Amino acid sequence: MNAPVRVRFAPSPTGFLHIGGVRTALFNYLFARKHDGKFLLRIEDTDTDRSEQRFTDDILSSLQWLGMGADEPILYQSQRLPVYQALADDLISKGLAYRCTCTEAEVEAAREQMIKDGKKPMYARTCRDKNHPAGKGPFAIRAKFPLQGQTGFTDMIRGEISFPNEDLDDFVMIRSNGVPTYNFVVVVDDVEMKISHVIRGDDHINNTPKQIFLYEALGAPKPLFAHLPMILGQDKKKLSKRNGETSTNAYRDQGYLPEALLNFLVRLGWSHGDQELFSFEEMIALFNLENVQVSGAMFNTEKLLWIAGEHMKKADPARLIGILKTDFKGAFSGVSLEALESGYARSLIPHLQPKVKLVSELAAQLDPLLDPGLRVVDSSALKWNKDETQKARIKEAIGALKSAFDSKIAQAGSASLSECGVDHSAVDGALRSLCETHGLKLGDLTQPMRLFVTGHPAASIGLFDLLPLMPWKTASIRLEACLKA
RNA sequence: GUCCCCAUCGUCUAGAGGCCUAGGACAUUGCCUUUUCACGGCAGUAACCGGGGUUCGACUCCCCGUGGGGACGCCA
């Protein structure tokens, strides 16, 4: 009964894919999946001056990273120029468009006059009834709007919206250089691609009546429209290429998991009761246009970070290792890529996941832990520096612990403490009893040990968890350095 | 300026006339926990833009005002 759902994301390759674009793509993608429809991609590269291949590449790779690939081959508008031209000529012959020979200066002058007169600036319709013949150029082709009546539509999110026709500009469909413009091609291609629902930013509301006119002129069925609220920057202004560009790949480089970015974005303008956290699958199952918000939403990095942490906890360790190896290999110094694959690395990650939000942080934590050698640390801030006798006592205790573990390792011929049965609580117990015999507080002992063994001033893993897992060879080297400090 | 859209805590939002002394989340504040970091737990501060209607009853419906945003390109 209903036409199959076919939606599209149609960016122009004039900049890197930004966050607002991702949100639009996401809502389209979710809508398509939810309704067993198709999610299509179209590259709107009719602005020959500003379109660049590298931006197309960026958009495509970013979407791939986010897991939102197109279901059919991508359509490039620059490859369809003859189609647009033929259609425009046809519209002229039907009296629905006309050739315009006005120069930019003339158009501009008329516009300024209108602003002075307190009217909406638009083309003065000078050539509207002049019937310029096809042969003489150069000329642009403009749409010939009706002068009376109203053009409206029912927005799926906002309801009825309508505009007086007299306010509709006879916009340029084809430039004098033969290249068509956005408002024309968007309709031609949405018809061509059999798009059932146009889901886009609400900055396009004003374009919609122009496009509706074109659907009618072309004799094509109209899609349903849904206009999404804008994502606002910190200044409460539209977040766009021209205002605080936030490119998607910047988030990948910072270490955000794609599902975290998507989760944050889906909650910008959409809600499902009180639920904050969604897996990609849940978004698909739960998404609907009914619960899309109408007013703009400010981009809030703090919440994004929190969401990132929540998704980090749930991420599959093997997958994290893969991301580390491909996107963050530069974060490791003195650590081989093989070390990332080791059982040791694998055993560390679940301990780090609850305490870290970004993959980059995970890398920073892992780097000193995986390094087989000594990591030089700055111990000047250690409390023990204030009291030499106390310091000696602490070292004595640490030395005792080390030799106890040394012999345990030697006896069993093991590579790590966990291999010879020493676990979290064993380390805990050993340290506590040491404290008692040496008259120390637990923190006195653990503070320097933590610093030297982790090799990181703000290590996120607990010492009791780390000690059993770390290759004893590495731990010894570091404990030795601690004793000499 | 003209046209269009919008309006609940600082931010993202719940709320489809009585369930609201307005709920959740982030942030923030305090406390607790703790291997002084991080994580976690508990508690707190904090909002219906204003004015008129409609109604027995408005955060919810209507109108006006105000405020904010968007569009006014031979950009998309």
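Within every chain, numbering begins at 1; the chains are lettered A, B, ... in the order of the sequence lines, protein sequences first and strands thereafter. The model shown is predicted, which means the values in this text are computed figures rather than measured ones.
Listed nucleotides B:U11, B:A76, B:U13 differ in distance to A:N207; the shortest reach to its side chain belongs to B:A76. The side chain of A:L442 approaches B:U35 more closely than any other nucleotide in the set B:A76, B:U35, B:C74. Across B:C6, B:C3, B:A14, the shortest atom-to-atom separation from the side chain of A:S271 is found for B:A14. Taking the side chain of A:A297 as heavy atoms from C-beta on, and the options B:U35, B:C74, B:U13, the nearest nucleotide is B:U13. Considering only the side chain of A:D203, B:G70 comes nearest among B:G70, B:A76, B:C3. Across B:C3, B:C26, B:C6, the shortest atom-to-atom separation from the side chain of A:N300 is found for B:C26. In this structure, of B:C74, B:C4, B:U35, it is B:U35 that holds the atom nearest to the side chain of A:L463.
Under 4.0 angstrom from either OP1 or OP2 of B:C72 there lies no side-chain N or O belonging to A:R111. In this model, the phosphate group of B:G73 is not approached by any side-chain N or O of A:T181 to a distance below 4.0 Å at OP1 or OP2.
Crowding of A:D117 atom CG: a count of heavy atoms from other residues, nucleotides or ligands under 6.0 Å exceeding 12.
Interface remark: the A:N206 side chain does form a donor-acceptor pair with the B:G70 base, using a distance-only criterion of under 3.5 Å.
Closest-nucleotide positions on RNA chain B for A:D167 and A:Q77 were compared, and the one nearer the 5' end corresponds to A:D167. Comparing A:P448 and A:H272 against RNA chain B, the residue whose closest nucleotide sits nearer the 5' end is A:H272.
Between the side chain of A:R450 and the main chain of A:V453, no donor-acceptor pair closer than 3.5 Å is present.
B:U33 and B:A38: their C1' atoms are spaced 13 Å apart (whole Å). Annotation: B:U60 and B:G17 have their P atoms spaced 12 Å apart (nearest Å).
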Nucleotide by nucleotide, 5' to 3', does protein get under 4.0 Å of the base (B), only the sugar-phosphate (S), or neither (-) in nucleotides 16-24 of chain B, counting heavy atoms?
-------BB
Going 5' to 3' along nucleotides 37-42 of chain B, which nucleotides have protein heavy atoms under 4.0 Å from the base (write B), which only from the sugar-phosphate (write S), and which from neither (write -)?
BBSS--
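Of the candidates A:L370, A:I349, A:L352, A:L352 is the only one forming a side-chain contact (heavy atoms from CB on, under 4.5 Å) with A:Q365.
The side-chain tip of A:R80 does not point at the ring of A:Y76 from less than 6.0 angstrom away and within 45° of straight on.
A:L232 places its CG atom 18 Å from the P atom of B:C5, with the value rounded to the nearest Å.
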